[in-house]
Number of protein chains: 2
Amino acid sequence: MANKKRTTLKDIANVLNISPAAVSKAMHDDSRISDKTKKAVKRIAKELDYQPNHLASALRKGKSNLVGVIVPRTNSNFFSSVLEHMEAVLNKAGYNIIITQSNESFDKECKNIDTLLFTQVDGIIASMANETVDLSHYEKIKSKGIPLILFDRGENDLNVDYVGINDYDSSHMIVEHLVEKGCKRIAHIGGYRRTRIFNNRIKGYVDALKKNDLPIDDSLIIESSLTLEDGRREMERLLQLENRPDAVYVASDYAALGALQILNENEINVPETIRLIGFGNELFTSLVTPSISSIEQHSKDIGRLAAETFLKRVNEPELKQSLNKIILKAELIVRDSSK
Amino acid sequence: MANKKRTTLKDIANVLNISPAAVSKAMHDDSRISDKTKKAVKRIAKELDYQPNHLASALRKGKSNLVGVIVPRTNSNFFSSVLEHMEAVLNKAGYNIIITQSNESFDKECKNIDTLLFTQVDGIIASMANETVDLSHYEKIKSKGIPLILFDRGENDLNVDYVGINDYDSSHMIVEHLVEKGCKRIAHIGGYRRTRIFNNRIKGYVDALKKNDLPIDDSLIIESSLTLEDGRREMERLLQLENRPDAVYVASDYAALGALQILNENEINVPETIRLIGFGNELFTSLVTPSISSIEQHSKDIGRLAAETFLKRVNEPELKQSLNKIILKAELIVRDSSK
DNA sequence: TATATTTGCTTAATCGATTAAGCAAATATA
DNA sequence: TATATTTGCTTAATCGATTAAGCAAATATA
């Protein structure tokens with residue numbers, strides 16, 4: 001149990017009677033060190049179980065090889081899959097990631113940013129909390145010259161790298177699909193317009209209606225936080241309308257599930273009477289009855305691309321001027337709720 | 001965008017014409033520094049937006065104030081909730097956490113451990129992957145003298161601190177509940193006995209049957225990896241038995257869901273014909289039809305207690321001898337599948 | 001008044017790894 | 001053979017913060 005001291009470069013140097021500087025260079029295969037010395041150093045390093053002191057090299061090099069990640073929550077298929085694939089890419093490049101959760105809270109998000117800056121991460125990859133409107137904390141990251149990459153929930157105003165899906169087009173796909181099925185009154189339970197992605201979904205929805213010569217009815221367009229409870233409440237409101245919708249497009253699977261619960265409780269046939277489509281392709285959408293049609297956001301690609309964008313920023317600083325905005329095409333998964 | 005240099009203690013020292021050592025002490029409220037100097041230092045620190053260089057102090061103090069966490073996956077209510085509450089406690093104590101996922105893979109788990117040791121975390125809090133049998137990687141952590149705390153998926157052989165629920169008792173609760181409902185042939189789709197918690201669930205199940213004078217039927221006891229697919233396959237096998245069970249206790253919600261799908265597909269009434277109980281109280285258990293009875297594992301408490309156990313290890317090293325094993329009582333949430 | 005103690009700082013070393021600068025020996029080139 | 005270049009290392013400084021040791025001035029005590 002005794003906490004033995006770690007082996008240092010100096011220990012290796014002492015064994016071989018050379019300087020620590022030579023050992024350091026040997027470990028990094030410096031061309032000015034002889035093969036004989038390199039071999040000897042590596043042999044002793046292995047013998048003494050040498051593990052480089054990451055803190056010391058990080059301090060000296062001014063680089064921690066840590067990347068901070070902020071997600072609204074890990075408890076979702078989308079974010080956990082993004083994290084998994086992001087980590088794979090970054091690990092391969094020698095980076096470790098520190099994952100933090102904002103729990104959709106603006107305060108927690110600010111604290112997370114402070115924490116990550118304090119830990120001296122080399123970059124931050126984030127998806128914004130629903131609550132976030134004030135961007136000054138993100139500006140702080142930018143002003144420190146630390147690479148910032150946003151994914152999924154981004155903000156145009158911040159003017160930073162971004163990876164996400166095409167929300168505008170996704171709304172089009174959904175509306176087209178519903179129109180094909182004969183729907184004429186399509187409601188939209190959306191997020192708040194101040195969040196870019198939700199604004200784009202609303203705009204896509206409105207434009208797609210126009211394109212299909214369907215009237216725009218403001219009573220069918222709702223903004224909310226998109227929790228399960230919001231879905232229940234707003235679906236109830238829609239059912240109280242004189243002229244009920246024949247389809248509901250919900251901008252989040254959680255809210256869609258709430259809506260479905262209300263429809264089931266009121267014994268309204270889905271999809272026969274009202275068709276329902278969610279967003280995010282969460283695991284449960286395929287498990288509930290009826291299963292919910294939803295939009296797959298390509299979490300693997302988003303995770304991978306966000307990581308690669310960060311690596312580009314770090315490894316090719318000459319690209320500093322340009323902005324990387326990567327917009328992926330989403331995929332509509334049709335299930336029982338809209339068949 | 002220019003990457004301005006960070007403010008250092010030396011910068012503050014220069015402004016005030018005192019030594020960096022005095023500044024360091026002033027920032028830490030050393031009793032040998034005058035109030036006047038402390039105030040001046042703190043004023044200038046704020047003015048220059050001083051942020052301590054965490055790497056430097058960590059190197060000097062031999063302490064990173066980072067805690068590594070390994071979970072099989074974040075994409076589950078249980079683990080994400082554990083993480084959230086663990087983080088809250090550790091943040092309050094000045095620690096940040098690095099979350100890693102093993103994805104239930106032994107190889108990934110070994111890599112995670114290496115990564116965390118490399119990052120020089122002050123401790124590791126882990127829940128083991130299903131695959132893990134060889135414990136040498138965990139022994140490595142112990143041999144370095146770094147505190148190791150296991151939660152949920154632990155191992156007796158490792159002889160380290162542990163926080164989890166009483167799996168043995170949980171099985172009793174489940175069996176008692178089913179017996180009360182009149183069940184006579186209760187099957188158990190469990191995990192592998194080599195994992196402590198699954199072994200305990202099996203033992204609890206067997207002993208509870210004995211206690212209620214029910215016969216032990218080996219064809220009703222199944223070991224598996226407890227994925228959704230395992231649940232489907234094993235439920236199908238149970239249905240092919242000449243003498244079908246009238247209840248199935250599944251040691252994981254995912255496998256329970258698979259079992260439920262098979263029951264629904266075969267139009268077997270749940271709970272009338274076969275009652276079903278899962279384990280873990282995942283979100284979806286309350287969402288599917290019929291909703292699945294399950295065991296709530298008190299993730300909040302587990303997260304909090306694991307963090308507190310780590311803090312105890314660090315702050316009270318004189319306790320080094322004793323072992324902390326915290327076993328919580330779980331709760332059975334009765335839903336439609338067993339009513 | 002003479003000595004002891006306390007106060008408030010400074011000096012210098014340290015945590016390990018890295019790197020610029022430099023030097024002697026070996027080798028290449030004219 | 002005389003000079004230039006390369007090779008293979010060493011020396012010393014550095015990244016910032018911390019801390020043991022120490023010193024002078026201020027204050028307390030005898």
Side-chain angles (χ1 to χ4, degrees), chain A residues 3-42 44-45 48-66 94 117-122 144-145, chain B residues 3-42 44-45 48-66 94 117-122 144-145:
Chain A
N3 205 335
K4 312 143 200 161
K5 261 189 205 146
R6 314 167 52 111
T7 304
T8 68
L9 287 185
K10 213 176 152 194
D11 297 327
I12 301 176
N14 286 342
V15 172
L16 294 170
N17 258 323
I18 57 176
S19 70
V23 176
S24 171
K25 284 176 190 160
M27 293 297 289
H28 291 92
D29 278 323
D30 188 297
S31 63
R32 296 282 288 272
I33 300 291
S34 69
D35 282 354
K36 205 182 109 196
T37 306
K38 280 180 192 167
K39 267 187 197 156
V41 164
K42 284 173 185 170
I44 303 295
L48 300 184
D49 189 28
Y50 170 71
Q51 302 276 120
N53 186 318
H54 162 256
L55 295 172
S57 82
L59 171 62
R60 178 60 228 249
K61 295 204 280 194
K63 200 166 172 290
S64 66
N65 273 47
L66 291 172
L117 291 177
F118 171 75
T119 316
Q120 271 151 287
V121 294
D122 290 341
K144 296 218 178 207
Chain B
N3 204 335
K4 312 144 200 162
K5 260 188 205 149
R6 316 168 48 111
T7 304
T8 68
L9 287 186
K10 214 177 149 193
D11 296 329
I12 301 176
N14 286 341
V15 172
L16 294 169
N17 258 323
I18 57 177
S19 71
V23 176
S24 172
K25 284 176 190 161
M27 293 297 289
H28 292 92
D29 278 323
D30 188 296
S31 63
R32 297 283 288 273
I33 299 292
S34 68
D35 281 354
K36 204 182 112 197
T37 306
K38 280 180 192 167
K39 267 187 197 157
V41 164
K42 284 173 186 170
I44 302 294
L48 300 183
D49 190 28
Y50 170 72
Q51 302 277 120
N53 187 320
H54 163 254
L55 295 171
S57 80
L59 170 62
R60 177 60 228 252
K61 295 203 280 193
K63 199 165 172 291
S64 66
N65 273 45
L66 290 172
L117 291 178
F118 171 74
T119 317
Q120 272 150 287
V121 294
D122 290 340
K144 297 219 177 204

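Lettering follows sequence order; numbering is per chain, from 1.
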Exercise for review: Could you please name the option among dA12(D), dT18(D), dA17(C) that lies closest to any side-chain atom of Tyr50(A)?
Suggested key: dA17(C)
Exercise for review: Apply side chain to side chain contact (heavy atoms under 4.5 Å, CB included) to Lys25(A) and Arg32(A), showing your working.
Suggested key: CA-CA 8 Å; Lys25(A) 284 176 190 160; Arg32(A) 296 282 288 272; 5.8 Å; no
Check your understanding: Would you say the side-chain atoms of Gln120(A) pair up with the backbone N or O of His54(B), donor to acceptor, closer than 3.5 Å?
Key -> yes
Practice item. Could you let me know what dA30(D) is paired to, Watson-Crick or G-U wobble, both distances under 3.5 Å, or none if it's on its own? Key: dT1(C)
Check your understanding: Once you round it to whole Å, what is the distance between C1' of dT10(C) and CG of Asn14(B)?
Key -> 14 Å
For nucleotides 7-9 of chain C, print each protein N/O atom paired with a nucleotide N/O atom at under 3.5 Å, atom names and distance only.
{"unit_1": "dG8(C)", "atom_1": "N7", "unit_2": "Arg32(B)", "atom_2": "NE", "d": "3.0"}
{"unit_1": "dG8(C)", "atom_1": "N7", "unit_2": "Arg32(B)", "atom_2": "NH2", "d": "3.3"}
{"unit_1": "dG8(C)", "atom_1": "O6", "unit_2": "Arg32(B)", "atom_2": "NH2", "d": "2.6"}
{"unit_1": "dC9(C)", "atom_1": "OP1", "unit_2": "Thr37(B)", "atom_2": "OG1", "d": "2.8"}
{"unit_1": "dC9(C)", "atom_1": "OP2", "unit_2": "Ser34(B)", "atom_2": "N", "d": "2.8"}
{"unit_1": "dC9(C)", "atom_1": "OP2", "unit_2": "Ser34(B)", "atom_2": "OG", "d": "2.7"}
{"unit_1": "dC9(C)", "atom_1": "OP2", "unit_2": "Thr37(B)", "atom_2": "OG1", "d": "2.9"}

Practice item. Check whether any side-chain heavy atom of Leu9(B) lies under 4.5 Å from a side-chain heavy atom of Tyr50(B), and answer yes or no. Key: yes
Point to revise | From Ile18(A) atom CD1 to Ile33(A) atom CD1, the distance as rounded to the nearest 0.5 Å | key: 7.0 Å
Review point. For the pair made of CG in Asn65(B) and P in dA17(D), what is the distance, rounded to whole Å?
Key: 15 Å
**Study point:** Distance in angstrom units between Asp11(A) CG and dG16(C) C1', rounded
**Key:** 10 Å
**Study point:** Length of the CZ-C1' vector between Phe118(B) and dG16(C), whole Å
**Key:** 13 Å
Check your understanding: How many Å lie between CZ on Arg6(B) and P on dT14(D), as a whole number?
Key -> 20 Å
Review point. In Watson-Crick or G-U wobble terms, both distances under 3.5 Å, what is the partner of dT19(C)?
Key: dA12(D)
Check your understanding: For Ile12(B) and dG16(D), what is the distance between atoms CD1 and P respectively, to the nearest whole Å?
Key -> 13 Å
**Study point:** Note, Ile44(A) side chain near Val23(A) side chain (heavy atom, < 4.5 Å)
**Key:** no
Check your understanding: Could you go step by step and tell me if Lys10(A) and Thr8(A) meet the side chain to side chain contact (heavy atoms under 4.5 Å, CB included) rule?
Key -> CA-CA 5 Å; Lys10(A) 213 176 152 194; Thr8(A) 68; 3.4 Å; yes
Practice item. Evaluate the side-chain proximity of Lys38(B) to Asp29(B): yes if any heavy-atom separation is below 4.5 Å, no if none is. Key: yes
Point to revise | Heavy-atom neighbours of Lys39(A) NZ exceed 12 at 6.0 Å | key: no
Check your understanding: Roughly how many Å is it from CG in Asp30(B) to P in dA17(D), rounded to a whole number?
Key -> 17 Å
Review point. Which parts of residues 52-64 of chain A get close to DNA chain D, meaning a heavy atom less than 4.0 angstrom away?
Key: Leu59(A), Arg60(A)
Check your understanding: Across all strands shown, which nucleotide pairs with dA25(D) by Watson-Crick or G-U wobble geometry, both distances under 3.5 Å?
Key -> dT6(C)
Point to revise | Side chain to side chain, Leu59(A) and Arg60(B), heavy atoms closer than 4.5 Å | key: no
Revision key, fill the gap. Separation of dT18(D) atom P from Met27(B) atom CE, nearest Å, is 9 Å
